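What you see is a predicted model, and the numbers here were worked out from it, not measured in a lab. Just so it is clear: chains get the letters A, B, ... in the order the sequence lines come, proteins before strands, and each one is counted from 1.
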2 protein chains.
Amino acid sequence: MARVAGVSRATVSRVINGIRNVDPDIQATVRQAIATTGYVPNRAARSLVTRRTGAVALVLSGAGADEDPSPSPLLTDPFFGRVVAGIISFLRPRGIHPVLMFAETAQSRAQVVSYLRQGDADGALLVSTHAADPLPAQLVEAAVPAVLFARPADPIPISYVDVDHRAGAALAADRLVELGRRRVATICGPLDVPAAQARLAGFQDAMARHGHAFVPYSEGGFTYDSGEQAMERLLAERLDLDGVFVANDLMAQGALHALRHHGRSVPDDVAVIGFDDSSAATACRPPLTTIRHPVEGMAAEMGRLLLDHIDEPGRTPTSVIFEPALIVRASG
Amino acid sequence: MARVAGVSRATVSRVINGIRNVDPDIQATVRQAIATTGYVPNRAARSLVTRRTGAVALVLSGAGADEDPSPSPLLTDPFFGRVVAGIISFLRPRGIHPVLMFAETAQSRAQVVSYLRQGDADGALLVSTHAADPLPAQLVEAAVPAVLFARPADPIPISYVDVDHRAGAALAADRLVELGRRRVATICGPLDVPAAQARLAGFQDAMARHGHAFVPYSEGGFTYDSGEQAMERLLAERLDLDGVFVANDLMAQGALHALRHHGRSVPDDVAVIGFDDSSAATACRPPLTTIRHPVEGMAAEMGRLLLDHIDEPGRTPTSVIFEPALIVRASG
DNA sequence: GTGAAAGCGCTAACAC
DNA sequence: GTGTTAGCGCTTTCAC
């Protein structure tokens, strides 16, 4: 390659890496030679000396200590697809690709940390399903640059992006009040998850601001069936409710089913508002009014933060909080 | 590291790479030293000499020449999650991680080929959404080891796994006949997709074997809305139909909606059978009877084939065809 | 069975 | 502004 261009390897390297101090004419010659030979620099050789791989890990992580070999639940969730799309959209223009890894068992978490230390990737983007995930702390300890998708349950010095759950829940409350609903309840997520807590608290607070001191709630597990059951419990308690905020769309879908089963029409008898704006929201009949996170934007921001941490290892952890939006559809 | 164990670097290398010819005692000493120092070999240095990265690319590919920056449609499809889960389950025990890449534009396809040539990955697992995808041929030309998820539309020398679409459609036909349905129709996928063709042909052939010479069909685009519309057309044509085979679950979900809209109960008035056993199949009311591909198993086989091709570059392309299964639920 | 030495392809000091 | 040189950390002949 250097021979073809009639210059030294060092000069070729300078041209490829965009270092100034290279004569424009020579630069052109080298580029020409690159184009005709179809030369591509060897990645391994480069990262051996730069100590950078140009890759980042995208880690999907749970807290389970069990031996579940299948990471399907998260993977099958369209939410994950949006995260990946957002990450890719930021990373691809920069020529870096995410390496996919899973970490649901203690063993696989150790593997992930070991890989990162080995230099398979320069840092990690972490999407956890469970609040009690020990991986973030392990990464901090291993001094691996990392960014989380949501605020960790335990406060640890690590960067993350998140959505303002309280504000989102308040949006739902305002909407129900605006629709003139007076007998409102909510189905919340598992209360050991910080996001679920925040959505419940945010909803209750906003309703209180509108004069509704007490909002009954029923706890679900963020699944279709748990939403259906929670709705059943709510209806058993007070059959005359006319509005319900459900902490995610999947549960809202279940709630819709329970309401139909009881002959309550949506939104005429009962207005239903979900959270997430997942694909479930549009697949539902009626389509769900819901709260949308800017997931793709959040994912892109994760990439940005991670690159900052990689460039400047000592950097202080940062959090970036995004504002959710109300998406009005037919259900409320 | 070599110093700590009191042996040469060469010996450490032999132990790590499991080369025989090493004295068991020395082996133990070295392993001990590895454990105490927490030593991990540098990946870049290793692949510089072995010319292997120990990574494979997982490429999601479309045919679009446009500048759509978002690969969401496929990513958001739970089917993709199952593919990834299957690939991971095979790759992870072997210590190799997939690098995620997208290729929907000519530019991004070129980038993928360039990356593979650059040695970012030893080979590629390709999942295409469109039949006319030019990437497989480009990979063949670049002599990059690659395996496809489905048979390419144009015959090219490349390995792939696929499901026996005709057999799956025949399973659906047999089931409808077994249920005593006499006025049967089908909603097929876009007929430029080989899989859609095979499902239609397989269904028609099997119905013919059961004495039904003619089966009306309506073409959809594998989406919810197109399924709904195709069902509408079918109903306009013959309102008395009592069974329908829909070429994928998403369209079947749309068809269910159209049937409900027309006051036809499922499965009493009309039996509905889908294809894919996607998450849509169980989220539906009633849950869908459908044809299940062993997606995870197929994905794992892709990994196996790819590793074979990487180990033995000259190897003849192979295809592995999987048998689908009928999953009986409430809809038919 | 084990060590010594060469070299994978690149970048980065350092001379010029 | 460009060439020369010295490694990056590993695997792998080749002697012993």
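With no hydrogens or angles considered, no side-chain donor-acceptor pair links Ser47(B) and Thr50(B) at under 3.5 Å.
If you check dG3(C), dT12(D), dT4(D) against the side chain of Ala10(A), the one that comes closest is dT4(D). Minimum atom distance to the side chain of Ala45(B) is reached by dG9(D), of the listed dG7(D), dG9(D), dT2(C).
Contact annotation: Thr11(A) reaches the phosphate of dG3(D) (side-chain N/O to OP1 or OP2, under 4.0 Å). For Asn17(A) and dT11(C), the shortest distance from a side-chain N or O to OP1 or OP2 is below 4.0 Å.
Leu48(B) places its CG atom 13 Å from the C1' atom of dT12(D), with the value rounded to the nearest Å. Remark: P of dG9(D) and OH of Tyr39(B) are 10 Å apart, rounded to the nearest angstrom. The interatomic distance linking Asn42(A) (CG) with dG7(C) (C1') rounds to 13 Å, in whole Å. Computed from coordinates, the Arg52(B) CZ to dG9(C) P distance equals 15 Å when rounded to whole Å.
Ring centroid separation for the pair His97(A) and Tyr115(B) comes in under the 6.0 Å cut-off.
Each of Asp23(B) and Arg46(A) was assigned the nucleotide of DNA chain C with the nearest heavy atom; the assignment lying further toward the 5' end belongs to Asp23(B).
Each of Met302(B), Glu301(B), Arg304(B) was compared with Val147(B) under the side-chain contact (heavy atoms from CB on, under 4.5 Å) criterion, and only Met302(B) meets it.
Contact of Arg14(B) with dG3(C) (side chain to base): a donor-acceptor pair of N or O atoms is detected under 3.5 Å.
Residue Arg51(B) is in sugar-phosphate contact alone, with no base atom involved, counting any heavy-atom pair closer than 4.0 Å across all strands shown.
Atom CZ of residue Arg82(B) and atom CD1 of residue Ile87(B) lie 13.0 Å apart, to the nearest 0.5 angstrom.
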